[in-house]
Amino acid sequence: MIFAYLAWLSPLVFIPGVFDAFSGPKRIYVLLLGIAASVCATRDFKAFPLLYPIALYVLVAVIPGVWVSDPYLFIERLGIDFAGISLFWVLASKQRDEKEVETLCLFALIIVAACYLVRHFAPPVESLFYPMGNPKYFALMAAQALPLGIGFPPLLFFFSTAVLVVFISESKAALLATGVTVFLSLISPWKLGLMKAGAVLALLIPLAVLFSPLRLTGDKYDPRRATWANSKVMAVDAMKYVAGFGSGQFQVWYPAYANRAMRETEILLTLESRKVYPDGLGIGHPHNEALNQIIETGIGYLILLFILARIFFHVQVNNSLQIALAGSLISTLVLSAFWFPLSHPSMAITFWSTAGLLWSVSEKR
Amino acid sequence: MERVRKAIAVTICALMATVLLAGSLVAIERVHAYWVLSRSNDIDRAAAIAPFDTRLLFIRSLKELYWKKDCAKVIETLERALELQPHYWDAMNNLAICYAIEGGLNDAKKKWEQILEEWPFYERAEGNLREMKKGLRPNR
């Protein structure tokens with residue numbers, strides 16, 4: 001259980017004044033935790049749930065190491081995935097008491113509230129506490145943590161809701177994710193069936209961007225739409241490699257695709273609208289996990305979907321704790337339609353550790 | 001079957017642990033470099049600690065180009081950055097400028113044309129190419 005606590009402690013990890021564009025100190029913490037987890041996981045060889053699909057995913061993710069141009073970004077980004085998988089294995093490997101998992105859920109809610117307090121009430125020295133993240137990041141974290149309160153008595157759940165909804169509202173994606181989870185978990189009496197249906201929907205929602213037209217016009221710039229449109233073109237090329245461009249390589253390749261969508265559709269741009277489209281640099285993620293995974297891991301994303309579906313369908317009992325844990329995963333997956341939680345160091349390991357706990361509490365006793 | 005399962009599990013865990021260890025070392029060096037930069041503003045030292053970080057390499061190249069006027073060093077730094085990230089347009093534009101300063105006008109022209117072929121809206125490259133065609137050379 002110590003690994004789950006350490007995973008949920010990761011959002012609080014930062015070094016004042018150090019900002020390298022994407023949570024360097026958190027990344028180190030997560031990678032070192034992953035090393036410890038991968039070593040501990042080997043203590044019990046009988047209990048490697050989903051061994052074959054995960055092994056296949058790992059191999060597919062490693063293959064692009066042969067052709068990546070920036071191996072340093074590749075190794076760092078791949079390490080985050082592997083830290084998550086190691087934590088899943090070490091937490092899923094043995095059956096756990098529901099009481100200890102409930103305590104962990106309470107801990108997670110307290111950590112998210114603590115992060116909010118540190119970020120918002122720290123001394124007014126912006127650069128010192130900037131690495132703690134922006135308010136939208138905390139909204140996403142709150143959306144991931146809030147469903148864990150469903151397993152508690154209603155009074156405690158509504159209290160945590162009142163606290164956390166204050167900063168969930170910073171992000172529309174977080175509000176949507178929380179709303180979906182609350183509906184699935186509280187409104188319908190047929191919780192288990194709805195939860196599984198909701199899980200399937202949550203797995204498919206990030207894929208919606210692949211099938212939407214995303215028309216770009218020459219007179220108005222929408223940065224999110226433009227990034228998605230260009231990334232779709234990128235995803236098609238990445239699939240030619242089968243295993244994708246390689247983890248962490250989106251930001252390496254995106255500048256070559258920054259205006260492809262416009263050129264593909266032969267939009268006639270006026271002189272004024274040309275100035276609207278900014279430089280294609282500095283975009284680290286397509287703001288959609290499905291696009292990100294397809295571009296970076298190719299068919300690895302299909303294997304990942306299979307693994308996640310197996311985790312959800314492993315739940316067989318209509319139990320409020322299991323619904324709470326599944327709700328947290330569903331919330332994160334809904335967020336992944338608009339953000340990149342599985343690529344963020346601390347959100348990725350809180351996701352995978354929650355998945356590991358869900359597997360362990362839903363094991364048949 | 002159990003032996004096969006054990007062998008696969010050990011192999012995968014060992015592979016993951018190796019990647020995690022390598023990733024940790026890279027991440028530690030990167031954070032150390034940004035720590036040095038934030039404390040002392042010493043870009044040369046920061047870039048030396050993490051010579052694989054393209055952003056640090058680019059910042060160092062700016063210092064070499066505009067303060068030290070050392071085009072040979074700038075070319076070396078930017079070519080290293082472009083090995084890691086071949087579509088780093090600002091780095092490629094500055095590399096082309098250095099080629100032009102050093103007299104390699106054809107090399108400079110090729111770099112700007114390469115940028116504009118993949119990214120037609122980069123006004124800096126467009127402007128530099130236009131100036132070069134007029135016969136103007138960038139000043140040191």
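Residue numbers begin at 1 in each chain, while the letters A, B, ... track the order of the sequences. Keep in mind that what you see is a predicted model, and the values were worked out from it rather than measured.
When the shell of 6.0 Å around NZ of B:Lys109 is examined, it contains 12 or fewer heavy atoms from other residues, nucleotides or ligands.
Across A:Ala256 and B:Glu118, no two heavy atoms sit closer than the pair CB-OE1, 3.1 Å. In terms of heavy atoms, B:Leu84 sits closest to A:Val252 at O-CG1, 4.0 Å. Contact record, B:Ala17 with A:Ile35: O-CG1, 4.4 Å, taken as the closest heavy-atom pair. Heavy atoms only, all atoms of each residue included: A:Pro25 and B:Val31 are closest at N-CG2, 3.8 Å. Across all their heavy atoms, A:Ser86 and B:Leu20 have their closest contact at OG-CD1, 4.2 Å. Looking at every heavy atom in both residues, A:Thr42 comes nearest to B:Cys13 through CG2-CB, 3.5 Å.
For the atom pair CD1 (B:Ile8) and OH (A:Tyr52), the distance works out to 4.5 Å, reported to the nearest 0.5 Å. Distance CG/B:Leu15 to CG/A:Leu78: 8.0 Å, rounded to 0.5 Å. Taking CZ of A:Phe48 as the start and CD1 of B:Ile12 as the end, the distance is 10.0 Å to the nearest 0.5 Å. For the atom pair OG1 (B:Thr54) and OH (A:Tyr72), the distance works out to 12.0 Å, reported to the nearest 0.5 Å. B:Met16 contributes atom CE, which lies 6.0 Å from atom OG of A:Ser38 (distance to the nearest 0.5 angstrom). A distance of 10.0 Å separates CG in B:Leu25 from CD1 in A:Ile75, rounded to the nearest 0.5 Å.
Using the six-membered ring where Trp is involved, B:His87 and A:Trp253 have ring planes that are tilted, between 30° and 60° apart.
Residues B:Arg30 and A:Leu73 meet the side-chain proximity criterion, which asks for heavy atoms closer than 4.5 Å.
Ranking A:Leu59, A:Asp70, A:Val39 against chain B, the residue ahead of the rest is A:Asp70, based on heavy-atom pairs under 4.5 Å.
For A:Val62, the part lying under 4.5 angstrom from a heavy atom of chain B is the side chain only.
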